[in-house]
Amino acid sequence: MYVAVKGGERAIDNAHAWLAEERRGDPNVADLSIAQIREQLALAVNRVMAEGSLYDPDLAALAIKQARGDLIEAIFLIRAYRTTLPRFGATEPVETEAMSCDRRISATFKDAPGGQVLGPTFDYTHRLLDFALEAEGESPKVAQGAARREPTPHITEFLNKEGLIQTEEVSDEEPGDLTREPLELPSNRPLRLQALTRGDEGFVLSMAYSTQRGYARNHAFVGELRIGKVAVEMEIPELGFAIEVGEIELTECETVNQFQGSKTEPPQFTRGYGLVFGQSERKSISMALVDRALRWEELGEDNLGAPAQDEEFVLYHSDNIQATGFLEHIKLPHYVDFQSELELIRKLRREAMETTNPVQEAAE
Amino acid sequence: MTAEIQRRAWMSLLAKALEGRLLALWEGYGASPEFHWLRAPEIGATMVRGRLGGTGAPFNLGEMTLTRCALQLASGEVGHGYVQGRSKDKARIAALVDALMQTDQATAIQAAILTPLAAEMAEIKETRAAKAAATKVDFFTMVRGED
């Protein structure tokens, strides 16, 4: 029998009102503005944009405020909003070679043209809490050097010229879009990169770490890591030419992996690639490592049975909104389901008792 | 062709401009031309693409917000606004500037809005590049006493 359960509206309304009050916190403490979140919690904003898969710093900041700092909840809000937007088209692929780099480092070539530019990094800090930040204060004056105006060349291109690294075949093939068609397996590298760039940072990091610890052994060097702004160009149909419709910050990571060669490929270096919205260094390196591990088949490597080589495992578990949606739904009312489970367990117990202990039951 | 290159340049500048600065410069210019909408401002998104390895086949990176509109001045010129973000005001002003740049006001608009906007944006970019340059590592090799 199906019993419709109604009620709870008043409790839900009151719960949401209390949520709003708790979100605001102590009213004697100043309210947080969207601009403050955007400017001062920029890396949280970047993560919400990357995994929400929508570049808009103000929206991401609003989502973080609404979600009380729960970034997965904020990502959920952005994903939901995204679906309400009409799609005007797709852009030309961004030219990361033309990036104005805030940061650009290579772990493989010390003297790379363009140099090692550290940018505003946490690297080489001592990871000691800075209690000076508790007091309001001016930020220190930042040194300036002679600005580089010419583009910074990609480091892997130097290896490519010598034929020492596998070439990326240039094509203009229309890539599949996970947000439009359900994922089908086997997929392809463009779809995998789309899934990884919007995938959960923690998940992608752990998958990447597993490859470093020996599950799908792939010793990766960071050939290059660059962070900066690139222009986004789009063809405007009513004009018949492309214009720059905006500018976005990206983090790009190219890994260089040693490769002994296979039946089909000569010994050479191979690539892993990461490209993520915003300043998202950890995510970008992780993405490159997982990308490389997932390429075992096209490079003719052995399947070692490692999780990071398993496309189905990686792609079906990387999305934190799918994951949390399924995970959290089990806390919602399942009274009817559970009622039938209860009846089943009672019946099974009764039957089990009758067959194992018929005498004892009779004695009682 | 040159006209197309010029239009491309000003539309690109308007798309990337900070909303507050564009609004302020437009107000400073003080025009309120008559126009009618061909397409009222509409907020949407475009799918940003990257390339495998930076140079290979395209893939979908994620979307970005975009606002567009089209209008026609009473004098007949058509202006298009395609701007980053969700500001309908920014899109409207971008379209008005685009239309006015096709009229005899082009020189005045260029001087009052586009040139200052370009200079400000170039300065912001230059300052970041100068800060980056100051974090460039100068390697030096220690001479070991092996003579």
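Every chain is numbered from 1, with letters handed out A, B, ... down the list of sequences.
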### Message
Tell me which of these, B/Leu66, B/Asp138, B/Val78, has more heavy-atom pairs under 4.5 Å with chain A than the rest.
### Response
B/Leu66
### For A/Pro190 against B/Pro58, the heavy-atom pair lying closest together
CB-O, 3.7 Å
### Message
Using only atom types and a distance under 3.5 Å, with no angle test, would you say the side chain of A/Arg148 pairs donor to acceptor with the backbone of B/Ala129?
### Response
no
### Message
Quick one, A/Glu92 with B/Arg49, criterion salt bridge (Lys or Arg N to Asp or Glu O under 4.0 Å). Give me CA distance, side-chain angles, the key distance, then yes/no.
### Response
CA-CA 6 Å; A/Glu92 304 292 323; B/Arg49 289 186 172 159; over 6 Å; no
### Task
Compare every heavy atom of B/Gly62 with every heavy atom of A/Ser53, then report the nearest pair and how far apart it is.
OG-CA, 3.5 Å
### Task
Please step through side chain to side chain contact (heavy atoms under 4.5 Å, CB included) for the pair A/Ile248 and B/Gln84, ending with a clear verdict.
CA-CA 10 Å; A/Ile248 58 175; B/Gln84 182 169 17; 3.9 Å; yes
### Task
Please look at B/Val83 and chain A and tell me whether the side chain, the backbone, both or neither of the residue comes under 4.5 angstrom of a heavy atom of that chain.
backbone
### Message
Under a 4.5 Å cutoff for heavy-atom pairs, which residue among A/Asp58, A/Asp177, A/Leu178, A/Thr96 has the most contacts with chain B?
### Response
A/Asp177
### Message
Just so I understand: if I count every heavy-atom pair under 4.5 Å between each of A/Ala146, A/Cys101, A/Ser171, A/Gly119 and chain B, which residue has the most?
### Response
A/Ser171
### Query
Which atom names give the shortest non-hydrogen contact between B/Arg51 and A/Pro93, and what distance separates them?
CG-CB, 3.5 Å
## Note on the structure
Under 4.5 Å to a heavy atom of chain B? For A/Glu247 that would be both
### Message
Under 4.5 Å from any heavy atom of chain B, what part of A/Leu59 do you find: side chain, backbone, both or neither?
### Response
both
### Message
If you count every heavy atom of other residues, nucleotides or ligands that lies below 6.0 Å from B/Arg128 atom CZ, does the total exceed 12?
### Response
no
### Task
Against chain B, work out which of A/Arg103, A/Arg189, A/Glu97, A/Arg198 has the most heavy-atom pairs shorter than 4.5 Å and name it.
A/Arg189
### Task
Heavy atoms only: give me the nearest B/Met64-A/Val245 pair and the separation to one decimal.
CE-O, 3.8 Å
### Summary
Assert top hit (heavy-atom pairs under 4.5 Å, partner chain B, pool A/Ala147, A/Gly114, A/Gly274) equals A/Ala147
### Summary
Value for NZ (A/Lys229) from CD1 (B/Ile124), rounded to nearest 0.5 Å, stands at 8.5 Å
### Task
Could you walk me through whether B/Glu126 and A/Arg149 pass side chain to side chain contact (heavy atoms under 4.5 Å, CB included), step by step?
CA-CA 8 Å; B/Glu126 179 83 5; A/Arg149 294 195 177 84; 2.5 Å; yes
### Task
Please determine which of A/Val170, A/Asn188, A/Leu275, A/Leu193 meets the side-chain contact (heavy atoms from CB on, under 4.5 Å) test together with B/Leu52.
A/Leu193
### Check: B/Tyr82/A/Glu238 side-chain N/O donor and acceptor closer than 3.5 Å
yes
### Message
Between A/Ala50 and chain B, with a heavy-atom cut-off of 4.5 Å, which part of the residue counts as in contact: side chain, backbone, both or neither?
### Response
neither
#### Entry: Audit row: A/Arg87, B/Thr46, side chain to side chain contact (heavy atoms under 4.5 Å, CB included) steps and yes/no
CA-CA 6 Å; A/Arg87 169 107 40 111; B/Thr46 180; 5.8 Å; no
### Message
Quick check on the interface: out of A/Ile105, A/Val117, A/Asp111, who has the most heavy-atom pairs with chain B under 4.5 Å?
### Response
A/Val117
### Task
Work out which heavy atom in B/Ala134 is nearest to a heavy atom in A/Ala143; give both atom names and the distance.
CB-O, 3.3 Å
### Task
Can you tell which part of A/Arg192 gets under 4.5 Å to a heavy atom of chain B, answering side chain, backbone, both or neither?
neither
### Message
Tell me if the CD atom of B/Gln72 is crowded by more than 12 foreign heavy atoms within 6.0 Å.
### Response
yes
### Task
Among the options A/Thr121, A/Thr197, A/Leu54, pick out the one with the most heavy-atom pairs lying under 4.5 Å from chain B.
A/Leu54
### Task
Heavy-atom distances under 4.5 Å only: say whether A/Val94 touches chain B with side chain, backbone, both or neither.
both
#### Entry: A/Asp291, part contacting chain B, at a heavy-atom distance under 4.5 Å
neither
### Task
To the nearest 0.5 Å, tell me how far A/Asp56 CG sits from B/Thr65 OG1.
3.5 Å
### Query
Which atoms of A/Cys253 come close to chain B, meaning under 4.5 Å heavy atom to heavy atom: side chain ones, backbone ones, both, or neither?
neither
#### Entry: Chi angles and distances behind the side chain to side chain contact (heavy atoms under 4.5 Å, CB included) call for B/Arg7, A/Leu239
CA-CA 10 Å; B/Arg7 190 172 186 197; A/Leu239 295 175; 3.6 Å; yes
### Least distance between heavy atoms, B/Lys125 atom then A/Ser100 atom
CE-OG, 3.2 Å
#### Entry: Gap between atom CD1 of A/Ile243 and atom CH2 of B/Trp10 - 0.5 Å precision
11.5 Å
### Query
With chain A, which of B/Leu13, B/Leu14, B/Ile43 has the greatest number of heavy-atom pairs at distances under 4.5 Å?
B/Ile43
### Query
Heavy-atom distance under 4.5 Å to chain B: side chain of A/Thr179, backbone, both or neither?
side chain
### Task
Determine the option with the most heavy-atom pairs under 4.5 angstrom with chain A, choosing from B/Gly56, B/Ala132, B/Gly44, B/Ala133.
B/Gly44
### Summary
Output for pair (A/Phe277 CZ, B/Glu63 CD), nearest 0.5 Å, gives 8.5 Å
### Query
Is B/Glu27 atom CD crowded by more than 12 heavy atoms from other residues, nucleotides or ligands, each under 6.0 Å away?
no
### Task
Determine the option with the most heavy-atom pairs under 4.5 angstrom with chain A, choosing from B/Arg68, B/Lys16, B/Glu42, B/His80.
B/Arg68
### Task
Pick one of side chain, backbone, both or neither for A/Tyr55, based on which atoms fall under 4.5 Å of a heavy atom in chain B.
both
### Summary
So, the part of A/Gln116 with a heavy atom under 4.5 Å from chain B: the answer is both
### Atom pair CD/OG1 of A/Gln144 and B/Thr127 - distance to nearest 0.5 Å
5.5 Å
